[in-house]
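First comes the structure, then the notes that go with it.
Sequence positions, counted from 1, serve as the residue numbers for this chain. Bear in mind the structure is a predicted one, so any value in this text is a computation, not a measurement. The figures that follow rest on heavy atoms only: side chains count, while hydrogens, waters and symmetry mates do not. Whatever order the structure lists ligands and atoms in, that order sets their numbers, starting from 1.
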Amino acid sequence: MPQKLEQIYEGKAKKLFRTDDPNLVIHYFKDDATAFNALKKGTIVDKGIMNNTLSTVIFQYLEKRGVKTHFVKKLSDREMLSKKVQIIPVEVVVRNVLAGSLAKKLGREEGEQLKKPVVEFYYKDDALGDPMVNADHVLAFGWATKQELAAITKSALEVGKLLTAFFAKKGIRLVDFKLEFGRHKGKVLLADEFSPDTSRLWDMKSGEKMDKDRFRRDLGKVEESYSEVVRRVTGK
Ligand code: TMP
Ligand code: ASP
């Protein structure tokens with residue numbers, strides 16, 4: 001078992017630790033929640049535990065179906081062992097259903113089923129508020145190569161297909177989600193996390209939001225919604 005060494009980095013929702021194996025790192029999932037580029041801050045009780053559990057189940061599900069991820073092993077309630085990657089500074093959003101910033105931008109109601117999945121890129125830079133960019137920007141600024149961008153887009157769409165079916169079986173509509181990718185030994189891997197912090201999950205029957213929009217929009221029942229997602233996904 002790799003030894004946990006010093007902290008390398010602290011993000012908004014996770015801390016990253018070095019291990020005695022240079023190829024492996026440990027993610028520690030925190031309860032801290034932020035929104036609107038950290039203008040809004042709070043705590044979601046036990047979120048770290050729930051997001052680690054959900055990310056573990058989802059990464060394992062994806063790996064089994066051919067998606068290459070950084071996931072190695074869940075170590076504890078809040079700790080995940082993963083392959084060390086160099087993060088590609090592009091957030092990849094996939095939308096199945098109109099919601100959030102796209103609904104706002106177009107002045108349309110949330111909930112419209114899109115005729116095809118929409119892939120969007122955002123340049124990862126907190127100081128700039130993660131501006132939206134396109135594929136040409138990604139290549140022109142050298143954030144990823146053409147081959148990497150093709151692999152990322154293909155993987156993001158595949159994740160969308162697989163997880164739409166996965167969540168549908170749990171009575172959950174996968175509205176949209178955000179992915180991050182990283183380089184490991186020359187290969188592009190799905191990295192970061194998949195959780196209600198980084199996706200929109202709506203109850204199929206009631207349409208109720210079961211994700212971080214409950215925190216962003218002060219809708220209440222934040223912890224209850226995350227734990228209901230965990231219950232449905234793990235069957236516990
Ligand atoms: P958006 O509609 O606000 O652009 O969000 C699209 C998806 O990306 C949604 O599932 C939430 C997720 N997301 C993040 O994971 N991090 C972010 O900083 C933002 C703005 C969105
Ligand atoms: N995590 C992001 C932040 O704090 C935003 C969000 O998820 O809405 O800025």
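One option in Arg216, Arg95, Glu120 has a heavy atom closer to atom 11 (C) of ligand 1 than any other, and that option is Arg216. When Leu98, Asp176, Asp211 are ranked by how near their heavy atoms come to atom 7 (C) of ligand 1, first place goes to Asp176. Nearest-heavy-atom check against atom 15 (O) of ligand 1 across Lys212, Lys178, Lys12 picks out Lys178.
Counting atoms of ligand 1 from 1 in the listed order, those under 4.0 Å from a heavy atom of Phe177 are 10 (O). Close approach of ligand 2 to Lys212 (heavy-atom distance below 4.0 Å) involves ligand atoms 1 (N), 6 (C), 7 (O). The Arg200 neighbourhood of ligand 1 comprises atoms 1 (P), 2 (O), 3 (O), 5 (O), 6 (C), 9 (C), 10 (O), with distances under 4.0 Å to a heavy atom of that residue. Close contacts between ligand 1 and Gly100 involve ligand atoms 2 (O) [criterion: under 4.0 Å to a heavy atom]. If you number the atoms of ligand 2 from 1 as listed, the ones under 4.0 Å from a heavy atom of Thr34 come out as 1 (N), 3 (C), 4 (O). Atoms of ligand 2 lying under 4.0 Å from at least one heavy atom of Ala38, given by number and element, are 3 (C), 4 (O), 9 (O).
Here the heavy atom of the protein found nearest to atom 17 (C) of ligand 1 is Glu91 OE1, 4.3 Å. Residue, atom and distance of the protein heavy atom nearest to atom 1 (P) of ligand 1 are Ser101 OG, 3.3 Å. For atom 8 (O) of ligand 2, the nearest non-hydrogen atom of the protein is Arg216 NE, 2.6 Å.
The nearest pair of heavy atoms linking Thr34 to Lys12 is OG1-CD, 3.3 Å. A pairwise comparison of heavy atoms in Tyr123 and Pro89 identifies CD1-O, 3.4 Å as the closest pair. Taking each heavy atom of Leu179 and Ala156 in turn, the nearest pair found is CD1-CA, 3.8 Å. Nearest heavy-atom pair across Thr69 and Leu62 is CG2-CB, 4.5 Å.
The pair Arg173-Asp203 fails the salt-bridge criterion, with no side-chain N (NZ, NE, NH1 or NH2) lying under 4.0 Å from an Asp/Glu carboxylate O. A salt bridge links Glu180 to Lys124: one of the charged nitrogens lies within less than 4.0 Å of a carboxylate oxygen. Ionic pairing of Glu158 and Arg65 is not present here: no N-O contact between side-chain nitrogen and carboxylate oxygen is shorter than 4.0 angstrom.
Residue Asp197 has no nitrogen or oxygen atom sitting less than 3.5 Å from a nitrogen or oxygen atom of ligand 2, judged on distance alone.
Of all the heavy atoms of Ser199, the ones lying under 4.0 Å from any atom of ligand 1 belong exclusively to the backbone. Only the side chain of Val93 comes within contact range of ligand 1, with a heavy atom under 4.0 Å; no backbone atom does.
Centroid-to-centroid, the aromatic rings of Phe194 and Phe59 stay 6.0 Å apart or farther.
Results of the side-chain hydrogen bond (donor to acceptor under 3.5 Å, both in side chains) test with Asp197 over Lys47, Lys14, Lys212 single out Lys47 as the only residue that passes.
For atom 9 (C) of ligand 1, a protein heavy-atom neighbour is present inside the 4.0 Å cut-off.
Ile88 and Leu139 fall within the same hydrophobic cluster, where Ile, Leu, Val, Met, Phe, Trp and Tyr residues are linked whenever their side-chain heavy atoms come under 4.5 Å apart, directly or through other members.
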